[in-house]
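The first residue in the sequence is number 1, and the count goes up from there.
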Amino acid sequence: SILERSKQLAAWTAVDHHVKPEHRVIGIGSGSTVPYVVERIVQLGAEANQERVFIPTGFQSKELIVSSGLSLGDVDQFPTIDVTLDGADEVDHELNCIKGGGACHLREKVLAEAANTFILVADYRKNVQYLGTNYTPGVPIEVVPFAYAKVLQNLHHTLNSPKASLRMAVKKAGPVVSDNGNFIIDAPFDLERMKTPYIIMAQIKMLTGVVEVGVFCNMAKAAYFGNEDGSVTIKW
Ligand code: DER
């Protein structure tokens with residue numbers, strides 16, 4: 001499909017530009033675009049990859065690395081990463097992004113921060129001027145289950161996100177549970193406030209019980225978007 005081709009295009013171009021021969025430790029994100037990143041890295045050949053170790057951002061990411069025959073590593077063993085490549089739900093004009101559509105943003109942010117270079121790969125739907133334009137569920141927030149009702153209450157009343165809600169699972173009764181055993185809240189904010197995502201991120205992060213916020217500010221070095229016409233847009 002055009003959508004899948006655009007994801008593949010973004011991923012292949014990003015790998016070709018940012019995975020260097022001397023890179024040994026590579027962070028692998030989560031979602032449906034990142035498999036194309038791994039596909040391209042595998043194409044570099046067993047020789048090129050035999051000295052490399054790949055750090056996952058969750059269960060899906062780990063399965064992807066293992067099933068692709070790549071060596072798995074832990075971030076506690078490799079606290080400094082050469083390059084992390086990951087997807088995004090939306091990327092604005094300053095490379096701020098919303099992440100967490102896949103409920104993996106805690107480990108994603110750890111690997112994004114640990115990387116010397118953090119690169120985003122996405123299809124054309126994610127390329128926006130301001131956050132909240134296309135991705136409408138709201139800011140993903142990982143919270144400890146014990147505190148979720150209090151965090152919801154604070155979002156509704158203190159941070160004025162009345163539509164904030166607990167993310168319910170589809171193929172499981174009850175809420176989505178992250179790889180860390182926590183709940184996810186999605187909190188929509190009006191577009192005006194999403195023009196200063198750093199403020200939103202800081203305010204949410206301060207709420208007791210919040211583990212991590214799916215707003216990444218000033219972290220990505222570049223973002224690659226595959227377009228419907230087969231071209232690639234690079235923001236940096
Ligand atoms: O949860 C995330 O941040 C993932 O990177 C994900 O949302 C990216 O989505 P994708 O399936 O469109 O790559």
Quick check: is [Y] connected to [X] through a chain of hydrophobic side chains (ILVMFWY, heavy atoms under 4.5 Å apart)?
X	Y	answer
Ile199	Ile141	no
Phe183	Ile204	yes
Phe146	Val177	no
Ile98	Tyr198	yes
Val66	Phe54	yes

By side chain to side chain donor-acceptor pair (under 3.5 Å), which residues pair with Asp123, not counting sequence neighbours?
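Expected list: Arg125.
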
Taking the six-membered ring of Tyr130 as reference, does the cationic atom of Lys195 (NZ for Lys, CZ for Arg) lie under 6.0 Å from its centre and within 45° of its axis?
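Geometry flag: set, cation within 6.0 Å and 45°.
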
Quick one: is the NZ or CZ of Lys109 closer than 6.0 Å to the six-membered ring centre of Phe216, and within 45° of its axis?
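Satisfied, under 6.0 Å and within 45°.
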
Are the side chain of [X] and the backbone N or O of [Y] linked by a donor-acceptor pair below 3.5 Å?
X	Y	answer
Asn182	Ser178	no
Ser161	Pro188	yes
Ser61	Ser30	no
Glu212	His105	no
Ser231	Asn227	no

I'd like to know whether Asn154 forms a side-chain contact (heavy atoms from CB on, under 4.5 Å) with Leu159, so could you lay out the CA-CA distance, the side-chain angles of the two residues, the decisive distance to 0.1 Å, and finally the verdict.
CA-CA 6 Å; Asn154 282 323; Leu159 295 191; 5.9 Å; no

Please tabulate, for the side chains in residues 35-43, all donor-acceptor contacts under 3.5 angstrom to protein atoms that are two or more places apart in sequence or on a different chain.
unit_1 : atom_1 : unit_2 : atom_2 : d
Tyr36  : OH     : Glu4   : OE1    : 2.5
Glu39  : OE1    : Gln8   : NE2    : 3.0
Glu39  : OE1    : Trp12  : NE1    : 2.8
Arg40  : NE     : Asp16  : OD1    : 2.9
Arg40  : NE     : Asp16  : OD2    : 3.4
Arg40  : NH1    : Gln43  : OE1    : 2.7
Arg40  : NH2    : Asp16  : OD2    : 2.9

Report the distance from atom [atom1] of [X] to atom [atom2] of [Y], rounding to the nearest 0.5 Å.
X	Y	atom1	atom2	answer
Thr117	His17	OG1	NE2	14.0 Å
Leu106	Asn180	CG	CG	4.5 Å
Glu113	Met219	CD	CE	5.0 Å
Ser165	Leu152	OG	CG	7.5 Å
Asp92	Cys217	CG	SG	8.0 Å
Thr57	Arg107	OG1	CZ	8.5 Å

Closest contact, heavy atoms only, [X] versus [Y]:
X	Y	answer
Ala115	Thr84	CB-OG1, 3.3 Å
Met194	Ile200	SD-CG1, 4.5 Å
Val211	Lys205	O-CE, 3.9 Å
Val121	Ala14	CG1-CB, 3.4 Å
Trp236	Leu95	CA-CD1, 3.8 Å
Ala122	Ala88	CB-O, 4.4 Å

All pairs passing salt bridge (Lys or Arg N to Asp or Glu O under 4.0 Å) where residues 226-236 contributes a residue, at least two apart
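For residues 226-236, and leaving out neighbouring residues, there are no salt bridge (Lys or Arg N to Asp or Glu O under 4.0 Å) pairs at all.
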
Can you tell me which residue pairs pass the salt bridge (Lys or Arg N to Asp or Glu O under 4.0 Å) test with a partner in residues 157-172, sequence neighbours excluded?
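Qualifying pairs: Arg167-Asp186.
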
Sequence-distant partners of Asp190, side chain to side chain contact (heavy atoms under 4.5 Å, CB included), two or more places apart
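In terms of side chain to side chain contact (heavy atoms under 4.5 Å, CB included), with neighbours along the sequence ignored, Asp190 is linked to Glu192, Arg193.
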
Among residues at least two apart in sequence or on other chains, which ones pass side chain to side chain contact (heavy atoms under 4.5 Å, CB included) with Met168?
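Only Leu166, Pro175 meet the side chain to side chain contact (heavy atoms under 4.5 Å, CB included) criterion with Met168.
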
Could you walk me through whether Leu64 and Ile28 satisfy the side-chain contact (heavy atoms from CB on, under 4.5 Å) test, starting with their C-alpha distance in whole Å, then the side-chain angles of each, then the deciding distance to 0.1 Å, before giving a yes or no?
CA-CA 9 Å; Leu64 176 61; Ile28 297 296; 4.3 Å; yes

Would you say the side chains of Lys7 and Ser32 form a donor-acceptor pair under 3.5 Å?
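Yes, side-chain donor-acceptor contact under 3.5 Å.
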
Under a single-linkage rule joining Ile, Leu, Val, Met, Phe, Trp and Tyr whose side-chain heavy atoms are separated by less than 4.5 Å, which residues share a cluster with [X]?
X	result
Val75	Val25, Val53, Ile55, Phe78, Ile81, Val110, Leu111
Ile2	Leu3, Tyr124
Ile184	Val176

If you count heavy atoms of other groups shown closer than 6.0 angstrom to NZ of Lys62, is the number above 12?
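At most 12 heavy atoms, drawn from other residues, nucleotides or ligands, come within 6.0 Å of this atom.
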
Heavy-atom neighbours of Gln77 CD exceed 12 at 6.0 Å
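Count over threshold, so yes.
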
Under the ring pair (Phe, Tyr, Trp, His ring centres under 6.0 Å) test, which residues partner Phe59, sequence neighbours left out?
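Scan of Phe59 (ring pair (Phe, Tyr, Trp, His ring centres under 6.0 Å), adjacent residues dropped) gives none.
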
Among all residues two or more places apart in sequence or in another chain, which pass the ring pair (Phe, Tyr, Trp, His ring centres under 6.0 Å) test with His18?
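Checked His18 against ring pair (Phe, Tyr, Trp, His ring centres under 6.0 Å); matches are Tyr224.
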
Among residues at least two apart in sequence or on other chains, which ones pass salt bridge (Lys or Arg N to Asp or Glu O under 4.0 Å) with Glu108?
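For Glu108, the residues satisfying salt bridge (Lys or Arg N to Asp or Glu O under 4.0 Å) (neighbours in sequence not counted) are Lys99.
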
So [Y] and [X], do their side chains get closer than 4.5 Å, heavy atoms only?
X	Y	answer
Val139	Val213	yes
Lys150	Thr208	no
Val19	Leu85	yes
Phe189	Asn160	no
Ile185	Val151	yes

Residue pair Ile234, Val232: steps toward the side-chain contact (heavy atoms from CB on, under 4.5 Å) verdict:
CA-CA 6 Å; Ile234 306 173; Val232 180; 4.2 Å; yes

Side chain to side chain contact (heavy atoms under 4.5 Å, CB included) partner of Cys97, the single match among Asp86, Val128, Leu120
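Per the side chain to side chain contact (heavy atoms under 4.5 Å, CB included) rule, the option paired with Cys97 is Leu120, out of Asp86, Val128, Leu120.
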
Run the side-chain contact (heavy atoms from CB on, under 4.5 Å) check on Arg52 and Ile26 step by step: do they pass?
CA-CA 7 Å; Arg52 287 182 168 142; Ile26 299 178; 3.8 Å; yes

